[in-house]
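The structure presented is a predicted model; accordingly, all values stated were derived computationally and were not measured. Chain naming here is simple, since letters A, B, ... match the order of the sequence lines and numbering starts at 1 in each.
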There are 2 protein chains.
Amino acid sequence: MTKQDIGVWDVCTNSALRRASRQLSQLYDDVLAPSGLKITQFSLLSQIWRSGDASLKTLADLMVMDLSALGHTLKPLIRDGYVELVPDRNDRRVKRVELTPLGARKQEEALALWTEAQTRFEKSYGKAQSDALRKSLNIIAGSSFADAFRNA
Amino acid sequence: MTKQDIGVWDVCTNSALRRASRQLSQLYDDVLAPSGLKITQFSLLSQIWRSGDASLKTLADLMVMDLSALGHTLKPLIRDGYVELVPDRNDRRVKRVELTPLGARKQEEALALWTEAQTRFEKSYGKAQSDALRKSLNIIAGSSFADAFRNA
DNA sequence: GCTATTTAGTGGTATATGCCAGTAAATTGA
DNA sequence: TCAATTTACTGGCATATACCACTAAATAGC
């Protein structure tokens, strides 16, 4: 029975996390499709808006993303005119990530679709459960958790 | 306060999921590094072992992964001699995914490292919480959840 | 003030993952 | 039995994400 009935995701938290990510991103992507944005891109645009004119480094840290990965991920958004990288005046190493007006409009347009998706999620999974789940996930994404893990 | 203090991950379950995935995969990858496998590859090898000689399609469904995505992801593992695709005798469309002896050895070798990572996770996050989290994630990854979401 | 070190980004390469179009094999239906 | 449909897989292209090596700029130490 063991080998057949139990999947890695029943045992490995990371597998479970990635597997759930694939499914949920799929579901959100389907809802977002009319906007032409994927949920990853919408999240990024939203966070860029929230963070004002954060530097690439700052944004990468917030997103818990590798700096170069963020750079690559931004490329399509820059190409499509939603995002701009503005060199900092004081520190010439730094580039600030900004939404263009077009990007802001696009984010707003997609927001309605995202709300739809989020609502469906909460209807299916439960509002309280959703809130609790996000909190759990945000603990895992935090730097204190990473420290704890590394020292455990 | 709003814009600055709250990240997308505080609002969007999908963002929270992906962000936590990035961090956790990172942490597991670091522990697995000596084996030369990433946690994604280890998970796949483990599931292939568990599933016996499942077809690509079956495995993709189990992993909640696109069929072609699975094919792509297997390529490095096939190239390195850990996995083999064996054509089915009865249905010539079907290919069965099998671990080679080398792949079995590699998975076993990495298992010790994975156990270390999993143990650290449970020490940092809590054993009961980990179990509960996996259950939650597996609900989200399930097909009944997808149906519920789509009909919500 | 100058050198050593640290910090921020870029570009290349590799894996992870999805969509679409195409092919071949099996199955269904008249 | 044979054409229409469905199923399983492949290959090409695109995004997501990481590592590494490299460059340029700032900063710390002396």
Separation of C/dA26 atom P from B/Arg89 atom CZ, nearest Å, is 14 Å
Separation of D/dC9 atom C1' from B/Leu59 atom CG, nearest Å, is 14 Å
inquiry  = Categorize B/Leu56 for me: base, sugar-phosphate, or nothing, with a 4.0 angstrom heavy-atom threshold over every strand shown.
reply    = sugar-phosphate
Notebook entry, point to check: When we call it a touch if two heavy atoms are under 4.0 Å apart, what does A/Thr73 touch: a base, just sugar-phosphate, or nothing?
Noted result: base
Need one value for B/Asp88: base, sugar-phosphate or nothing, where a base atom within 4.0 Å counts as base even if backbone is also close, heavy atoms only. nothing
Check: With a 3.5 Å cut-off and just heavy-atom distances, do the side chain of A/Ser68 and the base of D/dC19 make a donor-acceptor pair?
Finding: yes
Walking DNA chain C from its 5' end, the first of A/Gly71 and B/Leu70 to be reached, judged by nearest nucleotide, is A/Gly71
Taking every heavy atom of A/Phe145 against every heavy atom of A/Ile139, the minimum-distance pair comes out as CB-O, 3.1 Å
Closest heavy-atom pair, A/Leu37 versus A/Ala110, reported as atoms and distance to 0.1 Å, is CD1-CB, 3.8 Å
Shortest non-hydrogen pair, A/Arg134 vs B/Trp9, comes out as CD-O, 3.6 Å
Atom CZ of A/Arg19 and atom C1' of C/dA16 are separated, to the nearest Å, by 17 Å
Problem set entry | D/dT17 base / B/Arg22 side chain donor-acceptor hit below 3.5 Å | no
Whole-Å distance, A/Asp80 CG to D/dA14 P, equals 12 Å
Shared ILVMFWY cluster between A/Leu62 and A/Leu77, side chains joined below 4.5 angstrom?
yes
Is the phosphate of C/dC19 approached by A/Gln26 (side-chain N or O, under 4.0 Å from OP1 or OP2)? yes
When B/Val64 and B/Pro76 are each assigned the nearest nucleotide of DNA chain C, the 5'-most assignment goes to B/Pro76
A/Ile78 CD1 to C/dT10 C1', in whole Å, measures 12 Å
- Query: Parallel, tilted or perpendicular: which fits the ring planes of B/Tyr28 and B/Phe121, with parallel below 30° and perpendicular above 60°?
  - Reply: tilted
Are A/Lys95 and C/dT10 close enough that a side-chain N or O sits under 4.0 Å from OP1 or OP2? yes
Discussion item. With a 4.0 Å cutoff (strictly under), does any side-chain N or O of B/Arg92 reach OP1 or OP2 of C/dA26?
Written reply: yes
In whole angstroms, the gap separating P of D/dT23 from CG of A/Asp91 amounts to 20 Å
Presence of A/Arg93 side-chain N/O under 4.0 Å of D/dT27 phosphate oxygens OP1/OP2: no
salt_bridge(A/Arg105, A/Glu109) N-O dist < 4.0 Å:
no
note: B/His72, atom NE2; D/dT15, atom P; distance rounded to Å ~ 15 Å
When rounded to whole Å, the CG to C1' distance for the pair B/Asp29 and C/dA14 reads 13 Å
Quick note, B/Ala69 side chain, CB onward, closest among C/dA8, C/dT17, C/dT15 is C/dT17
Give one of base, sugar-phosphate or nothing for A/Asp66, where a contact means two heavy atoms less than 4.0 Å apart. base
Walking DNA chain D from its 5' end, the first of B/Lys75 and B/Asp30 to be reached, judged by nearest nucleotide, is B/Lys75
OP1 or OP2 of C/dT15 less than 4.0 angstrom from a side-chain nitrogen or oxygen of B/Arg79, does that happen here? yes
